[in-house]
Amino acid sequence: MDNLQNKLIKNFKEKGLAEYPLEWLGNYRLDAINAAESLGVPDLSNEDWRFTSLKEFIKKDFSFFDGKAETYNKPKLPEHIKSIDGYFVYMHNGQLVSDSDYPFSLTRLNDSFEDLKVKEILLNEVSSKNKDFFYELSCAFIDDGFFLKLEGSNRLDKPIVIINSFDSDVDSKFVNTRNIFYFEESSSAEIIEYSVSESVNEFFLNKTSIVYVDQNARVEHLLVEDGNKNSFIFSNLKIVQGRDSHFTTNSILSGGQLIRNNVHPILNGEGCFSNILGLYLSSEDQLMDNYMFVEHLKPHCESTQLYKGLLNDESRGVFHGRILVHKEAQKTNAYQTNRNLLLSDKAQVDTKPQLEIYADDVKCSHGATIGQIDKEALHYLQARGINKDKAMLMLIKAFTDEVCEPMESEVLLEAFHNIVNDWFVKSELLEPENQE
Amino acid sequence: MIEIVNLHAEVQGQKILNGLNLKINKGEVHSIMGPNGSGKSTLAAILAGKEDYDITDGDIIYKGESILDLAPDERAQQGIFLAFQYPIEIPGVSNAYFLREALNSINKARGNPVLKPVEFGKLAKQKIKMLKMDETLLKRSLNEGFSGGEKKRNEILQMAILEPLLSILDETDSGLDIDALQIVANGVNSLRNEETAFLVITHYQRLLDYIVPDFVHVLVKGKIVKSGDKSLALELESKGYSWLED
């Protein structure tokens, strides 16, 4: 059977990825490809994939991309992104292309495997290992990407802005990229990750970020997945938090034929706080599948999840919210909210909470709603002289704005509003000249 | 200012208004009273342009033209204002932002200059002081978590800022204590002049001690069955509606 899975395994062998001079790395890849092979591409009978069919996806003819960027031109970016005062890091087709000086250390991942910290992060999974085909695949093909380290007590004055661009070189290719962020004790940083696709070619992106937030560090993160309409994006964001650390992540999903957005915060020290926010903006026949896995390992931690979906046309959304509170994690507060606003009669959402609590002194809550624009509210605004389109937009913005309320960084907040506005313009909910 | 002519209306096939006639001139205050289910709130909703009703006959002429085909926002822009019986809570839209958008939509439609946030802020503060409301109400989400009295006062604040020509008050007095009632009445009386008109729908004669009407009408089964001056309200209070219902 020459399906996608077999093809990728063949790619793996041909490239000799297991035969790396570093023995641990070769074994790491080999274990992962074996795990991927035994797991297989998930189908609907897999509880974690029951709303997202990959039937069409596995028919695609993707092969592993290991080309090197020969020439690189910076991608065209929206003015509001370009004008951010930040440390810009450029990635192209999954590879780090920047070589500027930064107030943090940044190296290509394939040049960093000798670094003991990288080895430690990769080999110590901390949590129960994700039993997921795509995660294993990302481990098997690990090579491209970067290792970013911010030293202890450093407070970055400007956000790190990571620009991921893709172009026609990756047509029908499987791009595998892994970024490792390591924020040492008491450091603090803001990150914006922005993806842009410069062609409409089909590609399969398997992207894993591991963010280590060491004790007392504070990180705020905004992720924007805006691929082209033929891209299949599998994003894994794994966060390992140390004692008293604060981490906030906000994902805006807007572009891509299929986006699987895995977010896996691991609260691995007492007194840490994790804020998991997200907004999926879908239209046409897009499918956006959000898989949250919030894992509490230690006592006195708090996590809040707020994910919202705004769905237009015939698009579909999935929210799977899993909270796992281990036995040791007493005095945990874990909250989860998923709200969906359907702008069309044909849009569809599946939402599913999953709470597994093994400690006996915890506060956990979850809630989900699916609704349409409130006609009474619309009438109320109109009755005060506000025209229907504007009133609709006010209600939609009120819905989306809630997702950014817990964010503290002014720069990230502004970026959030601009990106959501871009989507409103693209979806013809907002006239370009009326942007505010 | 407005003339309602032989108005018939139904909702989901059920007849609610059955040939209602009412004429309100500039400078007048009319009050409509009537038993529950007589069609008072339906009349208010129809005047504001709510979509759920079918107008099967008759017309509404405002400033010389039929407004039946106008959307609610167009009616508001022309100066019609409804103080809702049950104002809607809209989380995430701040009261100040909402009021500024509303005022500027109306200003634009009337060819008046649009107010900047600072200019609007001054105006809003002045009005909010007049209505003895708490300034923090402006920053909060529209009506969200407001008490019943705060919601009603917020309707009057909107009216005071938007300065409509025809204001319809749908049971704005219901459930208010005497202090809040006086504030509402002051708000109305401050807008009362030769160019404006009011239609005050109420259950209780008490309100009419503070907002003295020029005419009182009794609505029964979707029709005005009796009209008079303010003394009619007192008569209704002592006798009830049953003598008018047959």
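These values consider heavy atoms only, across backbone and side chains, with no hydrogens, waters or symmetry-generated copies. Lettering follows sequence order; numbering is per chain, from 1. Keep in mind that what you see is a predicted model, and the values were worked out from it rather than measured.
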So which heavy atom on [X] is nearest to which on [Y], and how close?
| X | Y | value |
| --- | --- | --- |
| P91(B) | A398(A) | O-CB, 3.5 Å |
| H379(A) | K50(B) | CE1-CA, 3.4 Å |
| G385(A) | I106(B) | CA-CG1, 4.2 Å |

Considering only heavy atoms, which portion of L99(B) lies under 4.5 Å from any heavy atom of chain A: side chain, backbone, both, or neither?
neither
Portion of P164(B) that has a non-hydrogen atom of chain A nearer than 4.5 angstrom:
neither
Can you name the residues of residues 128-136 of chain B that have some heavy atom under 4.5 Å away from a heavy atom in chain A?
none
Inter-chain contacts: residues 54-76 of chain B against chain A, heavy atoms under 4.5 Å
A71(B), P72(B), D73(B), A76(B)
Would you find more than 12 non-hydrogen atoms of other residues, nucleotides or ligands less than 6.0 Å from [X] atom [atom1]?
| X | atom1 | value |
| --- | --- | --- |
| K158(A) | NZ | yes |
| E119(B) | CD | yes |
| Y86(B) | OH | no |

Counting heavy-atom pairs under 4.5 Å with chain B, which one of R384(A), K375(A), Q382(A) comes out on top?
R384(A)
Sequence-distant partners of N104(B), side-chain hydrogen bond (donor to acceptor under 3.5 Å, both in side chains), two or more places apart:
none
How long is the straight-line distance from CG of L378(A) back to CD of E51(B), given to the nearest 0.5 Å?
8.0 Å
Hey, can you tell me if F98(B) and Y380(A) have their rings parallel, tilted or perpendicular (30° and 60° cut-offs)?
parallel
Going by side chain to side chain contact (heavy atoms under 4.5 Å, CB included), name the residues that satisfy it together with S41(B), two or more places apart in sequence or in a different chain.
Q85(B), D170(B)
Relative to chain B, which segment of N387(A) carries a heavy atom at a distance below 4.5 Å: side chain, backbone, both, or neither?
both
Where does E402(A) contact chain B at under 4.5 Å (heavy atoms): side chain, backbone, both or neither?
neither
Ranked by heavy-atom pairs below 4.5 Å to chain A, first place among I80(B), D52(B), L162(B), L82(B) goes to L82(B)
